[in-house]
Every structure is written in structure tokens, then in C-alpha cells.
Amino acid sequence: MLRLLHPRDFSLDAPVVAHALIGATLLVDGVGGIIVETEAYDRTEPASHCHPGLTPRNQAMFGPPGRAYVYRSYGIHWCLNFVCREEGHGAGVLIRAIQPTHGLEIMRQRRGLEDERLLCAGPGRVGQALGITLDHYGAPLDEPPFQVLATPENHPAVEVQSGPRIGISKAVDLPWRFGLAGSRFLSRRF
DNA sequence: CTAGTGATCCGCT
DNA sequence: GCGGATCACTAGA
């Protein structure tokens, strides 16, 4: 059966959590689907928003694991991260793409788009389709409106690919992007 | 298919 | 003032 992830499930290193989240289900107010692409970020590495240390904007990533870190991207998009490791460290996992399974019509309305493949194929698209705003900043992932459901035990093993992260200019060689192999809902092929 | 561009805003130097 | 953890759209090969 589906198991709701507990905050302690997010207490490991960001790349470990990012890998483990592939195949899990993310719903916000019942809308969402299967996570098929993630990226890990950590304070010790210069591409991360928390690399410079604690600031008002990134404070959620220095808080307890298992909460949402939301940021504005390019002045336009809201992007969703899961805080991980331990309180005070500064690490998170960016949700980059989802295979839509719940609330397709709501997501189509929010996105103003027909093509299911592009509904949640990218962090900005995920934010728009799931209705992410600053209201979700710091919110616990095991409480409404969030539901993060583990991959079912009897589910066929998911094959996870990894590669360099997208859209960054620092630490470009770290293979901290993870994806469901062969999924047509990725933001880009590996 | 790739390359280029504008939109739009905020955190930080 | 600069430059993004992006996207949609256009032009051209």
C-alpha cells in the first residue's frame, strides 16, 4: 500500500533523497502525480541557493527536513524543493518533473495547455500545475495540502538515471540530476 | 532539430 | 546593477 513519507525520510544527503524520490507520488490538494525528475542541492556546493549561508530567502533550507522550500525563478516561476539532511545544514531537492496522474483537468486549466506531456515537464511547469506559491514556503510535506507517497513495495523496480544538473553555471560536473529512465515526462532527455 | 530572445522580479554585490 | 535551479515562441538548418 501507499505509505506517506515521514519527515525523517528526508534526513539523508540530498543526492540520496533525490534518487529515492523518483517513482514517489506528490500531490498538492490532491493534484499531481509521479515524480520522474529531481535535482539535489547542498550548501557545500556553489550552485545551491544556500551556499552563501543563511539569508531570509533560503531560511527554509536551513530548517527541519521534510518541509517545502519555494523560490521565485527568473522573476516568473515558482519552483518547489524538499528540504533534506538535518536542521541547520542547508540542503534540498528540486522537483523538476512529474508524470501527471491526479487532477489532470485542474492542471490543464492552470497551465492553459492541452499537451499532457508538457504539463509538469520542468520545475516552473510543476509549480504552475500544482499551484505552488509562497504560501507553501516552509510547509511540512506530511501535512495538507501536501501528500508525498512512497513508491509501493510491490511496484516493479524503477530504473533511475543520473546526469549533470540543468541551467546552472557552477559545479556543472556534479551528476546530481536524477530521472526515471525512459520516461516521456522528463524536462529533457539524459 | 538547434539557437536566440524577451518576459519579469528579487536577492545580493 | 547583475544575473539567475525557466519557459514559450520564433527563425533557420
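Quick note on labels: first sequence line is chain A, next is B, and so on, each numbered from 1.
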Write out a two-atom table: protein N or O, nucleotide N or O from nucleotides 10-13 of chain B, distance below 3.5 Å.
from, atom 1, to, atom 2, distance (Å)
dC12(B), OP1, T55(A), OG1, 2.5

Mind listing the N/O atom pairs, protein and nucleotides 8-13 of chain C, below 3.5 Å?
from, atom 1, to, atom 2, distance (Å)
dA8(C), OP1, R111(A), NH1, 2.9
dA8(C), OP1, R111(A), NH2, 3.0
dA8(C), OP2, R125(A), NE, 2.7
dA8(C), OP2, R125(A), NH2, 2.3

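The CD atom of Q99(A) sits 11.5 Å away from the CG atom of L119(A) when rounded to the nearest 0.5 Å. Between the CG atom in D13(A) and the CZ atom in R85(A) there is a gap of 5.0 Å [rounded to 0.5 Å].
By the 4.5 Å side-chain criterion applied to Ile, Leu, Val, Met, Phe, Trp and Tyr, I166(A) is assigned to no cluster and stands alone.
Residue pairs meeting the salt bridge (Lys or Arg N to Asp or Glu O under 4.0 Å) criterion with at least one member in residues 88-111 of chain A, sequence neighbours excluded: E37(A)-R96(A), E39(A)-R96(A), E105(A)-R108(A). Applying the salt bridge (Lys or Arg N to Asp or Glu O under 4.0 Å) test to every pair with at least one member in residues 40-66 of chain A, sequence neighbours left out, gives these pairs: E45(A)-R165(A).
Distance Y71(A) OH to dC9(B) P: 17 Å, rounded to the nearest Å. One atom, CD of E45(A), and another, P of dA5(C), lie 11 Å apart when rounded to the nearest Å. Here dG4(C) presents its P atom at 16 Å from CD1 of I166(A), a figure rounded to the nearest Å. dC9(B) atom P lies 11 Å from atom CH2 of W78(A), rounded to whole Å. Atom CZ in R165(A) sits about 8 Å away from atom C1' in dA5(C), given to the nearest Å. Whole-Å rounding puts the N81(A) CG to dG4(C) P distance at 17 Å.
Taking the side chain as every heavy atom from C-beta outward, R188(A) and R177(A) approach each other to under 4.5 Å. Using a 4.5 Å cut-off on side-chain heavy atoms (C-beta onward), L149(A) and L4(A) make contact. Put simply, the side chain of V126(A) does not reach to within 4.5 Å of the side chain of I132(A), judged on heavy atoms. Within the 4.5 Å cutoff, no side-chain heavy atoms of C50(A) are placed close to those of Y41(A). Looking at W176(A) and I168(A), their side chains never come closer than 4.5 Å, going by heavy atoms from C-beta outward. Contact of the V160(A) side chain with the L180(A) side chain is not registered, since no non-hydrogen atoms from C-beta on lie closer than 4.5 Å. Residues I95(A) and L130(A) are not in side-chain contact: their nearest non-hydrogen atoms beyond the backbone lie 4.5 Å or more apart. The closest side-chain heavy-atom distance from F185(A) to P100(A) is below 4.5 Å.
Stem analysis of DNA chain C (Watson-Crick or G-U pairs, both distances under 3.5 Å, runs of at least three) returns B:1-7 with C:6-12, B:9-12 with C:1-4.
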For residues 15-33 of chain A, tabulate all N or O donor-acceptor pairs below 3.5 Å that involve a side-chain atom, not counting sequence neighbours.
none

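More than 12 heavy atoms of other residues, nucleotides or ligands lie within 6.0 Å of CG in D115(A), so this atom counts as buried by the packing criterion. Shown here is Q109(A), whose CD atom has no more than 12 heavy atoms of other residues, nucleotides or ligands within 6.0 Å.
DNA chain C is contacted by L94(A), R96(A) of residues 88-96 of chain A, taking any non-hydrogen atom closer than 4.0 Å. Residues from residues 167-188 of chain A with heavy atoms under 4.0 angstrom of DNA chain C, sorted by number: G167(A), I168(A), S169(A).
In terms of the salt bridge (Lys or Arg N to Asp or Glu O under 4.0 Å) criterion, D135(A) has no residue partners (sequence neighbours excluded). With sequence neighbours left out, the salt bridge (Lys or Arg N to Asp or Glu O under 4.0 Å) criterion links D9(A) to R3(A).
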Item checked: Annotated protein contacts, base or backbone, on nucleotides 1-7 of chain B with a non-hydrogen cut-off under 4.0 Å, one of B, S, - each -> ------B
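Under the stacking criterion of a centre-to-centre distance below 5.5 angstrom and an interplanar angle below 30°, Y41(A) sits stacked against the six-membered ring of dA5(C).
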